[in-house]
Amino acid sequence: MPDNKTIEILRDQISADIAATDNLQALDNVRVGALGKKGSVSALLATLGKMTSEERKVAGPAINGLKNEIVAAVEARGAELKKAELEKRLASERVDITLPVRPGPLARGRVHPVSQVIDEITAIFSDMGFALAEGPDIETDYYNFTALNFPEGHPAREMHDTFFFNPDSEGKRKVLRTHTSPVQIRTMETQEPPIRIIIPGRTYRCDSDQTHTPMFHQVEGLVIDKSSHIGQLRWVLEEFLKTFFEVDNVVTRFRPHFFPFTEPSMEVDVQCDRSGNEVKIGTGTDWMEILGCGMVHPNVLRNAGLDPDVYQGFAWGLGIDRLAMLKYGMPDLRAFFDADKRWLDHYGFRPLDMPTLFGGLSS
Amino acid sequence: MKFTIDWLKEHLETEASVDNIVDTLTMTGTEVEAVENQGKQLAAFTIARVISAEKHPNADRLKVCMVDTGHGEPVKVVCGAPNAKTGMMGVFAPAGTYIPGTEFTLQKGVIRGEESNGMLCSERELMISDEHDGIIELASDAPLGKKYADYAGLNQVVVEVELTPNRGDCTGVYGLARELAAAGVGDLKDGSVAPVPATAGPTTVPIELRFEKDEPQACKMFAGRLIKNVKNGPSPDWMQARLRAIGLRPINALADITNYISYDRGRPLHVYDADKLSGTLHARMGIKGEKFDGLDDKPHEVDETMCVIADDNGVLGLGGILGGVASGCTEETTNVLIECAWFDPLVTAATGRKTGIVSDARYRFERTVDPAFVKPGLELATRMVLDICGGEACEPTYAGNVDIEEKIIDFPLSEIRRLTGLSISAAEARAVLKLLGFWSAGTGDLVKVAVPSWRPDVTIKADIVEEVMRIVGLDKVPVEPLERLAGVAEKMLTPIQNRRRIARRALAARGMDEAVTWSFVSESQATAFGGGAPALKLANPIASDLTDMRPSLLPGLLAAAQRNANRSYSDLALFEVGQIFTDDTPEGQRTFASGIRTGSAGPGGAGRHWRGAADAVDAFDAKADMSALFDALGIDMDKTQLVAEPADWAHPGRGGRVQLGPKNILGWFGELHPLQLAELDLTGPVVAFEINLDALPNPRKKATRAKPALNLSDLMPLKRDFAFIVDMDVKAGALLKAARSAHKNLISAVNLFDVFEGKSLGEGKKSMAIEVTMQPRDKTLTDEEIEAVSARIIAAVEKATGGALRQ
C-alpha cells in the first residue's frame, strides 16, 4: 500500500512536470505519463485491487483525489497554454493599419452647386405651401414677351438680348426663354387660383462676359389669390433670404422699379458687408441688388384669363447661380458650366447632403 | 442721366443735404448710380502764371518753366507741352497731387538733369475732356493762386441716375425736381415758359411732315422758328460750367443751348443754319442708300425704317437721334432755325438699335418726350437764343400735331390697400398725386384721376397705386405674413421632378461628379448625336461652337472630358441630369440622366492601388451605372428588355439598348465608338450611358401602402452548380432565363459565376457556369426530387441554348 508520503511525492512531481510544460504536446506527454495506461497514477490506481477493504478505504480516496487533481491541473494548464499560443499567433499577425483604402464613392461623387441651391430653395418654399412648376426652354414669342406685357417693338424687349430660332413658314420665330416668367402664364392658364409656385430653370441671354453667361438659372415665384399684396411679398422674400443665407436677420430695401410684367414693380437690395474679398449677407452697411419683384400686372392676369379686379398676386425672380455664388463664395460664374473636375470637387456637395428644413439647409 | 446739385436747385427750393437728395431719389424709384464730388478730386489744382518758359538744355521737346503759384517762391517745372509759354496762365499741380486722368501721384523728380517740382496740366489729366495736345491755357485775368475747380465751375456735386425705360419725364432736371418735391425734399419752382413775341415776321423756312398712311407716323409734330441775325460765339461761363460738369463739351452758344434744354427739361432740340437749307425742311421715312455726315463726325446710311429730316437736297439727319454736319450751326451762322419736334418712341428706339448711335436725343425720345412741351420748348429755346446770341425772332411755325388727349382713370382709393397692404388716408394719397402733377376729383372712395401729359407710362389703376406707394415709401408698407396652409403641405414635386432629384443623388453616390453644361452644342456635335435639325438651330448663336440645341447630354460631357484631359485629368466620372431637345415643341424637350466614365474611373475608383490597380472602364461599368440608377428609381432592370443594338455613338459590339418595347426605349449604354473618340480628340476608353427619365414607367397606383406579406421558409436552401458548353454567340441572358424558368416555384436564384473560353472546349465554344439556389417550401427535398429538378434545368438550358452540360 502506498503511504501518504509516496502520494505526496508523486503529486509534487507531476504538478511540477505540468507547470514546466510549454506546449500542448509536452502537456499531453505528462498527462499520459501520469494518467495513461502505464502512467504513474494509473499504476497506483491498479494497486487498489490488491488491497484489503480497510486499506482501500484509506488509499482509495487519496489516490482518486490525486487523479482528479492531476486531471484538473492538466486542463488548467492546457487552457493557459492555448491562450498563450493564441496570443503568440496574434502577436505575429499585425497589419499596417495606416495602409490607405480607396476613397469610397461618397467621398468622390459631388452634386453641382446649382442643383444643391435649387434643393435648398425647394425646401424653404415647400414649408410655405408652394409647388414646383416648369416649362419649356424653347418658347414662343407670345409666352416669353407678349403675354407678359412686353409691347411689340418696346425697348424692354431688346434689353433681354434674346436668342432666336429661324422663322418658320409663317414667319414666326421661337426664342430661348429669357426668363422663367413664361411659366407664370402657362400655369395660370391651366390652374385655378389660389396658386403658389416656384419656377426654377435654365434661362438664356445672348450675352457673355465675366458676370454674364449665355445660359444661367433663375427661380421665379408666383402667388395668385384674392388677397395677397406687397406687405406679404416683403414677408415672403425676407423670410426666404434669412432662411437661405442661414443668418439671424436680413435687412432688405425695396426700391420702386420698372418691369413690364409687374405693377407696382420693385427691386430688392440686401444689406451686406463688401469690405472683404467675399460679400457677407446679414451684416455691414453696403447694399446689393439681389432680385426684382412686384404685383402681377393686370394685363398679365388678363392675358392668362384671370380678372384683375378679382384676382391679384405677386411674383419675383432671382438668379440661382448668383445666390450660389453669394452663399458659397464662388468668384466666377463662367466656371459653373465648365465641368472642371477640380472646381466640381471643390465647390460641389456631398451626395447625401440633402437640404431639408428638419436637418438644415447646409451642413 | 447726370445733373449737378446746383442745377437741381435751379428748379427745387431746398436746403436738403446731398445724402438726403440721393437717398430720396433711390427710394422713390430713380436709382442713383454715382455721386461725384468734383471739387474734392480737383482740390489741389490751382491757377498759376508761367513766369518764364525756356528750352530744356538737354532736351529739344521739353521746356523748363518758372511758375508763380501765387504762394511763396516760384516753382521750377519741366514741361513737355508745345503751348507752354512765358506769361501764360495755367493750371498747376504741386508734387504729391493725385492726377485723376493718369491715375498716379505726382512725384518730385529730376528730368534730364533739371529739377521738376510739379506739373502744368492738360484737360485730360484733370479728366475734364480728352484734350491732351497742350496744357490748359486760361484767360489772363484768371485769379492767381485760387482753386481751378472753383474758377471753372468744376466744384460741383454730380449725380448720375439710371432711368428705367418708362420715365421720359426724369430725363430732365425739372422732372427730377418734381419727384423730389413730391417726396417732401423741397418745393418745386414754377417752370412755366412765357411765349416770346415775334419781331421779324413769319418763319420763311417751309416745314412739312411727309408720311404715307401705311408708314409709321414717326414724327407727329415739327415746330420750327427762325431767328435772324444771331451771333454764335461761345456760350456763357455758367452754361459751359454746367455742361462740363455733367461731361458735355461746350461747342458754341446755339449747340450748347440745345444741349442745356435737353438736360434741363428732357426736351431735345436741334438747330439748323437756315442759310444752308434748301427748299422745304421735312420729316419722312428714309430711302435705302441715303447718306449723311453726322455731328458725331461719322458717315451714316439710312433705310426705310428710319425717320429722317431732309431738305430738297436730301437727308440732313436722323430725326430724334442725330443731326448732320452740312446743315449744322457754326460760329459763322447768323440765321438759325430751331427744331422742336416730337418723334415716336418706338421708331426712335428701333433706329437707335439698328444704327447703334447713342445720343442724348435718342435717350429721351425713346422714353417718350412730353407732347405738351413741344411749343413751350420752342419758346424756351427762343428766349435763350435771344438772350445769349441776340437777333430777332420770327413767328413759330408748326407742322402736324401730337394728340394730347386728357387721360382720366377711375381710381378707387381702396386699390392702394388692396395691392400693397398700405393704409393711407384719402387726403394723403391725393396730396401725393397732386405734387406729382396728377389731378383728382370726386369724394368718397372712387375718384377720377387725370394723368399729366409727361406721364404716358401711367394708364391703369395699378400705375397710380405705384405712384402713391413709391412716394409715401415702401418702408411704410407693413410686412405681413402670407397666410399659412391649414394642414400639412401637399407633395411639392411632380414624379419627374422627384426622379431628377433622386437621379442626381444616386449618381453622385456612385462616385460621379455632376456637371452642368450648355444647352447648346456645335453643329457637328449635334449631328453626331442625332440632332442638327434646322428648327433647333439658333439664328443668332453667341459662338460658332454653341449653335444647336443639344440632342443628347453626351456631347457636353465628352467635351468636358476633353477639357479635363487637357489639364491631365483623364480618369473622369461625370454625369448630367438635364434637358435635351428632339424638336422645338414643349413635348420635344425631354429630361435625360447621362454619364460618362473615362480612363480607369470605374465605380470602385480610379488609378493604381496597393490592393490592385483599377481596370480600364468597360461597357459593364456603364451598364452598372444604369442599373444602379434604375434601382434608385424603383425600376427592376431585370424586367426590362436588353437589346444588343447600341446607340450610334457606341461601339457596335460593346453596347446595348434598354427598352420596354421597340417603341418605348428607356436608354442606352456602351463603349464610345472609336470614330467618336477621334472626332472629339479623346483617347479611350470612354464608356457612357443615357437614360430618358421621361420614358420610365410611373409606379402603379396601389390601394394600400402595405407591402405584401413576407413568406419565409424554415427549410434550408440548397445550391447546385452546372456548367454548360455553348456556342460563342449564345447570350448569358438566354441561359439564365432558361434556368430560372425551369422550376419557378423551387428556384429562387440563379447566379452566373464563370465564363470561360478556351481551345479545350473546341472552336467557337464557351463555357458558362451557374449556381442555382433551390428553396423548398413545404418539405425537405429528397435526392430523387433534387435530381428531377436538376434534369429539368439541364434540359431547359440545353433546349434554349443548343448547348450541352459540361461533363
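Chain identifiers are assigned alphabetically (A, B, ...) following the order of the sequence lines, protein sequences preceding nucleic acid strands; residue numbering begins at 1 within each chain. Worth knowing before you read on, the calculation uses all heavy atoms, side chains too, and leaves out hydrogens, waters and symmetry mates.
- Contacts of B:Ala573 with chain A are absent, with no heavy-atom separation under 4.5 Å from either backbone or side chain.
- Interface residue B:Ile460: only side-chain heavy atoms are found under 4.5 Å from chain A.
- Residue with the most contacts toward chain A among B:Val477, B:Thr164, B:Leu419: B:Leu419 (heavy-atom pairs, distance under 4.5 Å).
- Looking at B:Glu483 and A:Ser227, their side chains never come closer than 4.5 Å, going by heavy atoms from C-beta outward.
- Residue B:Arg367: no heavy atom, backbone or side chain, is found under 4.5 Å from chain A.
- Contacts between B:Leu536 and chain A at a heavy-atom distance below 4.5 Å involve backbone atoms as well as side-chain atoms.
- No side-chain heavy atom of B:Asp584 sits less than 4.5 Å from a side-chain heavy atom of A:Phe165.
- The contact between B:Asn540 and chain A is made by backbone and side chain atoms together, counting heavy-atom distances below 4.5 Å.
- Between B:Tyr569 and A:Asp340, every side-chain heavy-atom pair lies at or beyond the 4.5 Å cut-off.
- Salt bridge present: B:Arg563 and A:Asp338 bring a charged side-chain N and a carboxylate O closer than 4.0 Å.
- Between B:Asp475 and A:Arg253 there is no salt bridge, since none of the side-chain N atoms of the basic residue sits less than 4.0 Å from a carboxylate O of the acidic one.
- Classification of B:Lys461 and A:Asp309 as a salt-bridged pair holds, one side-chain N sitting under 4.0 Å from a carboxylate O.
- Most heavy-atom pairs under 4.5 Å with chain B: of the set A:Gly231, A:Pro308, A:Pro136, A:Ser208, this distinction falls to A:Gly231.
- B:Arg567 is listed as a side-chain neighbour of A:Arg342, based on a closest heavy-atom distance under 4.5 Å.
- No part of B:Arg167 comes within reach of chain A, as not one of its non-hydrogen atoms sits under 4.5 angstrom from that chain.
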Next item on the list: Kindly indicate, with the supporting measurements, whether the criterion side chain to side chain donor-acceptor pair (under 3.5 Å) is fulfilled by A:Ser265 and B:Glu466.
Entry: CA-CA 8 Å; A:Ser265 303; B:Glu466 179 173 71; 4.5 Å; no

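- Counting heavy atoms from C-beta on, the side chains of B:Pro534 and A:Asn166 never come closer than 4.5 Å.
- We find that B:Glu31 and A:Arg255 are joined by a salt bridge, their nearest charged nitrogen and carboxylate oxygen being less than 4.0 Å apart.
- Contacts of A:Ala107 with chain B are absent, with no heavy-atom separation under 4.5 Å from either backbone or side chain.
- With a 4.5 angstrom heavy-atom cutoff, B:Pro478 touches chain A only via backbone atoms.
- For B:Trp610, the part lying under 4.5 angstrom from a heavy atom of chain A is the side chain only.
- Most heavy-atom pairs under 4.5 Å with chain B, from the set A:His257, A:Glu267, A:Arg350, A:Arg196: that is A:Arg196.
- A heavy-atom distance below 4.5 Å is found between the side chains of A:Asp127 and B:Arg484.
- The only option from B:Arg505, B:Arg501, B:Arg504 that meets the salt bridge (Lys or Arg N to Asp or Glu O under 4.0 Å) definition with A:Asp119 turns out to be B:Arg505.
- When each of A:Asp269, A:Val114, A:Asp345, A:Leu352 is scored by its heavy-atom pairs under 4.5 Å with chain B, the top score falls to A:Asp345.
- In this structure, chain B has a heavy atom under 4.5 Å from the side chain of A:Arg186, while its backbone stays farther away.
- The shortest side-chain heavy-atom distance between B:Met469 and A:Pro256 does not fall under the 4.5 Å cut-off.
- Only the side chain of B:Leu572 comes within less than 4.5 Å of a heavy atom of chain A; its backbone N, CA, C and O stay farther away.
- Put simply, of B:Ala539, B:Ala506, B:Gly421, the one with the most heavy-atom pairs under 4.5 Å next to chain A is B:Ala539.
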